[in-house]
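What follows is a single structure, written as C-alpha cells, with notes after it.
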Amino acid sequence: MRVRFAPSPTGYLHIGGLRTALYNFLLARKHGGVFVIRIEDTDQTRFVEDAEQDILDSLSWAGITYDEGPLIGGKFGPYQQSVRSERYQEVASQLIKLGKAYFAFDTSEEIDALKQRKISSSNPNPRYDFATRAEMQNSLTLSEADVSTRLARGDAHVVRLLVQPGAEISFVDAVRGHVSFESDAVDDQILIKSDGLPTYHLANIVDDHDMQISHVIRGEEWLSSTPKHIILYDALGWTAPQMAHLPLILSPTGGKLSKRNADKNGIPVSVFEYRKKGYEPEALVNFLALLGWNPGNDQEIMSLDEMASLFSLDRVGQAGVQFDLQKLAWFNEHYVRSKTPEVLAESVYVKIDELFDDVSMDYLSRAISLMLDRLSFATDIANATYLFADPKAYDEKSVQKRWKTNSSQLLISYANDIEALSDWATDPLESRLKELVERENIGIGEIMFPVRLALTGLPSGPDLYQMMILLGKESVLRRLQTASHAVG
RNA sequence: GCCGCGUUCGUCUAGGGGUCUAGGACGCUGCCCUUUCACGGCGGUAACACGGGUUCAAAUCCCGUACGCGGUACCA
C-alpha cells in the first residue's frame, strides 16, 4: 500500500488538509504501507513563498511523519511537480498520439464569446465539450497543416482531454461505494496550460501512477473531478488507484469552512494559527481524527498509535461534518492536564519570563502543578498573575459583599500566628487558622475569604494552604499586611 | 440550471430489518464533593428530514420530495 498527501503550496496548511494528511498517514501506518508527500505547485499565479515550509512544519508539529517526499527524497522523486514538467509533456504527447487529447488555440476572449453565445437560463455554464468543440479552433477542426504551422510559429495553445459522449464512467469509492457519472457532463478538461505546465488533473494522475500510489484519499471536493481522472487512466491503459473521498469539514453555521466563514465564527483555519494559540498537537490531531471517522466503539481519547491500529476507511462517514471549537477545547484540556508540570513549564517559560520578574523554572513548574486542572491551555497559567506578583487590586464586588469590619484585624491576627511557624506546611497553616476561628468564635469563611482576597485579589482560586506554600512565607505575610491596610 | 454526494440529539457519532421505551461524547443543566472557583462523581435535557412503498416487523431496504454540501476555471 502506498498513499500520498498532495498539498498545493497556495497558502498555509489548512485544517482540512491536516485531516486528509492524517487519514492517509493512519491508513499507511495501519497496513505497514508507505506515506508519500508530494507538492503540487503547478499554479505559478497562486504560489505562496513559505507555504511549502509551513506545510512540512505543521505536519511535523502534528506528529505526522512521511516516508518519501520533500527534504528526505525517495526513489520516485523529485516530489515537487514544478520540476517534473517533462514527464507531463511526454504523457500529454502520448495522449494526443492516441487520439485521446488535442491541441486547442482558442484565446480566453474566444472562450468567453463561446459562453456568451451559449449561455441561457437552462444552461448558465456552457462548457468546452463534445457539443461545442466543433465551433472552436483546435486540432479537431483545423487542418493538419494549419495546426503544424501554428505550433511551429509558437502560437499559444493548450492541450485538452477529448471526452467521448454517451459513456458511463463509474468507480467504487472506499467511502461512498459505487459512484457513476455520464461522460456528457464532463468537459474537455485542459491538461496542459498555455504556460506549458500541467493542470492538477494531468499532473496528479501521472504522479499517482508513476509513484505507484495504491489509494487516493482526498476531500470530497474532488469527487466530481474523478471521472476525468478515470478517463485519463483508461486512456493511458493504467489502472486507477482505489479512490476514497472524505466528507468535507463545514463551518458551525453550515457552509464550507472558508477563511471568511471561519473568521466570522472565531475558528482558525490554518494549522499555524493553532500552533500560535498554544493548542496541544495531540488535541488537534485527536479532534480532527474524529471529525468524520470513529473507531466503532466509545473511545475518544486516542494516541496516534492507537488511531493507526484502529483506523479503516469503511468507518469514515459520508456526510459533511461541522467544526466544533468547544469539543476541540475539551480535547485540549484533556491533553494539557495529562502532561507533567515540568513539560508544560518548559513550553510556557519564555512567555512567563517576559511577563513577570524573577520566575524560576522550578517555581513555574510548581505553580502549574497547583493550577493544572484549571488550565485549558498551558499558556493560561499567565492569567493567574497573583502566582507571580502581588495583587494590584482587590475585586470590588467581593470586597463589598464579604469584607467585614473585623476582616483587617483577623488578617493581622492570622499573620502573627503563622509568622511564628517554624514549619511552613499546609497542616500547621490550617490548624492555626482553625484555632483562630475558635478563639474568635467566627465562621471559617470569615477568615478564609479575606485571606484569599489578600493573597489573590480574587474571590476564587486554588487551594488556599497549598497556594500559601507556593507563594512562601515572606510573600504571604506581606500580602496579608498590605490587604489589611489597603482594604480595611 | 445541470451533474454528483449526503441527511440519527444544538454538534461529533453508535446503529446496517426485530435486542431501539435509539447508546456514547462535547455543550447546556440539577445534585454531591469543596465553607472559594475549578476538577471529579452521580443524574437530567435533547435526534431517526418528510411522504410513499416492501415486510409479520423499518432509524435500518426501495422510490419520491425537501433541505444541505460539493463541482460546473488555462485553481487546486
Side-chain angles (χ1 to χ4, degrees), chain A residues 6-11 17 40-43 45-46 81 104 106-108 111 115 119-129 156-160 173 175-177 179-182 184-187 189-201 203-204 218-228 245 247-248 250 252 254-256 287 290-301 315 317-331 333 337 371-376 398 402 437 443-449 451-453 456 458-464:
Chain A
S8 193
T10 55
E40 308 221 326
D41 51 352
T42 55
D43 185 357
T45 63
R46 294 206 303 157
Q81 292 184 329
D106 316 278
T107 63
S108 54
I111 291 171
K115 293 193 172 167
I119 201 161
S120 70
S121 59
S122 63
N123 182 19
N125 280 307
R127 290 187 304 262
Y128 198 122
D129 63 6
H157 65 277
V158 300
V159 175
R160 284 183 183 269
D173 188 283
V175 171
R176 282 149 220 286
V179 180
S180 87
F181 295 81
E182 298 294 329
D184 296 32
V186 180
D187 67 337
Q189 182 62 53
I190 289 178
L191 303 176
I192 301 281
K193 297 177 277 191
S194 55
D195 65 2
L197 292 177
T199 56
Y200 171 89
H201 308 283
N204 191 262
R218 74 223 306 192
E220 194 190 338
E221 72 268 28
W222 293 110
L223 191 59
S224 313
S225 301
T226 306
K228 291 169 187 170
H245 289 92
L248 256 22
L250 273 20
K256 103 172 173 188
F287 169 71
L290 259 15
L291 218 51
W293 170 79
N294 75 82
N297 55 37
D298 288 341
Q299 189 178 4
E300 298 216 78
I301 299 293
R315 294 212 64 89
Q318 307 176 54
V321 290
Q322 288 188 26
F323 191 97
D324 181 3
L325 209 50
Q326 278 190 311
K327 184 119 188 193
L328 206 211
W330 176 76
F331 276 109
E333 283 172 13
R337 291 167 196 173
M371 298 292 287
L372 198 56
D373 57 17
R374 52 193 81 215
L375 298 178
S376 293
S398 308
R402 303 194 56 184
V437 166
I444 196 164
E446 287 181 68
I447 175 63
M448 270 190 123
F449 183 80
V451 170
R452 175 175 297 288
L453 202 71
T456 69
L458 298 169
S460 62
D463 180 82
L464 204 52

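Residue numbering restarts at 1 for every chain, and letters A, B, ... go by the order of the sequence lines.
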Open item on the list: For A:Trp222 and A:Tyr200, take the angle between the two ring planes, folded into 0 to 90°, and tell me which bin it lands in: parallel under 30, tilted 30 to 60, perpendicular over 60.
Closed with: parallel

Open item on the list: In whole Å, I'd like the distance from the CD atom of A:Glu333 to the P atom of B:rC26.
Closed with: 11 Å

Open item on the list: Checking contacts here: which listed nucleotide (B:rA76, B:rA38, B:rC26) is nearest the side-chain heavy atoms of A:His201?
Closed with: B:rA76

TODO: Counting heavy atoms from C-beta on, name the nucleotide in B:rC5, B:rG70, B:rC12 closest to the side chain of A:Lys256.
DONE: B:rG70

Task: Nearest-angstrom distance, C1' atom, B:rC39 to B:rC75 - done: 49 Å

Task: Residue-phosphate contact under 4.0 Å: A:Arg315 side-chain N/O, B:rG15 OP1/OP2 - done: yes

Task: Span that lies between the C1' atom of B:rA46 and that of B:rG41, in whole angstrom - done: 23 Å

Open item on the list: Between B:rC5 and B:rG10, how many Å separate the two P atoms, rounded to a whole number?
Closed with: 27 Å

- [ ] Look through every strand shown and name the nucleotide pairing with B:rG30 as Watson-Crick or G-U wobble, where both distances are under 3.5 Å.
- [x] B:rC42

Open item on the list: With a 4.0 Å limit, can you tell me whether A:Thr42 has a side-chain N or O closer than that to the phosphate oxygens OP1/OP2 of B:rA76?
Closed with: yes

- [ ] Find the distance A:Asp129:CG to B:rA73:P and express it as a whole number of Å.
- [x] 11 Å

Task: Proximal nucleotide (of B:rC5, B:rU13, B:rG70) relative to the A:Glu221 side chain - done: B:rG70

- [ ] With the side chain counted from C-beta on, respond yes when A:Asp173 and A:Leu223 share a heavy-atom pair under 4.5 Å apart, and no when they do not.
- [x] yes

- [ ] Look at the side chain of A:Arg46 against the base of B:rC75 and say whether a donor-acceptor pair falls under 3.5 Å; ignore hydrogens and angles.
- [x] yes

Open item on the list: Categorize A:Ser8 for me: base, sugar-phosphate, or nothing, with a 4.0 angstrom heavy-atom threshold over every strand shown.
Closed with: sugar-phosphate

Task: Selected nucleotide, minimal atom distance to A:Val179 side chain, candidates B:rG6, B:rC5, B:rG24 - done: B:rC5

TODO: Say whether A:Glu40 and A:Ser8, considering side chains only, have a donor N or O and an acceptor N or O under 3.5 Å apart.
DONE: no

Open item on the list: As an exercise, state the distance from CD of A:Gln81 to CG of A:Asp43, rounded to the nearest 0.5 Å.
Closed with: 11.5 Å

Task: Given RNA chain B, 5'-ward residue of the pair A:Ile190 and A:Gln322, judged by closest heavy atom - done: A:Gln322

- [ ] For A:Thr199 and for A:Phe323, locate the closest nucleotide of RNA chain B by heavy-atom distance; then report the residue assigned to the nucleotide nearer the 5' terminus.
- [x] A:Phe323

Open item on the list: Can you identify which nucleotide, out of B:rG6, B:rC39, B:rG24, has its nearest atom closest to the A:Arg337 side chain?
Closed with: B:rC39

Task: A:Ala185, nearest nucleotide to its side chain (from B:rA25, B:rC3, B:rU7) - done: B:rC3

Open item on the list: It should be established whether A:Asn123 places a side-chain nitrogen or oxygen under 4.0 Å from OP1 or OP2 of nucleotide B:rG1.
Closed with: no

- [ ] Ignoring backbone atoms, test whether A:Lys193 places a side-chain nitrogen or oxygen under 4.0 Å from the OP1 or OP2 oxygen of B:rA73.
- [x] no

Open item on the list: Please report the distance separating the C1' of B:rG16 from the corresponding atom of B:rU8, rounded so that it comes out in whole Å.
Closed with: 13 Å

Task: A:Asp324 side-chain proximity, nearest of B:rG4, B:rC26, B:rC74 - done: B:rC26

Open item on the list: Please determine whether a side-chain nitrogen or oxygen atom of A:Gln326 lies at a distance below 4.0 Å from atom OP1 or OP2 of B:rG27.
Closed with: no

Task: Electrostatic pair A:Arg160:A:Asp187 at N-O distance under 4.0 angstrom - done: no

- [ ] For B:rC63 versus B:rU54, give the span between their C1' atoms, rounded off to a whole number of Å.
- [x] 11 Å

Open item on the list: Between B:rA59 and B:rU21, how far apart are the two P atoms, rounded to whole Å?
Closed with: 9 Å

- [ ] Spell out, as yes or no, whether a donor-acceptor pair under 3.5 Å connects the side chain of A:Arg315 to the backbone of A:Asn294.
- [x] yes

Open item on the list: Just the rounded figure in Å: distance from P of B:rG41 to CG of A:Asp373.
Closed with: 12 Å

TODO: Can you figure out which of B:rC74, B:rA25, B:rG70 approaches the side chain of A:Ile111 most closely?
DONE: B:rC74

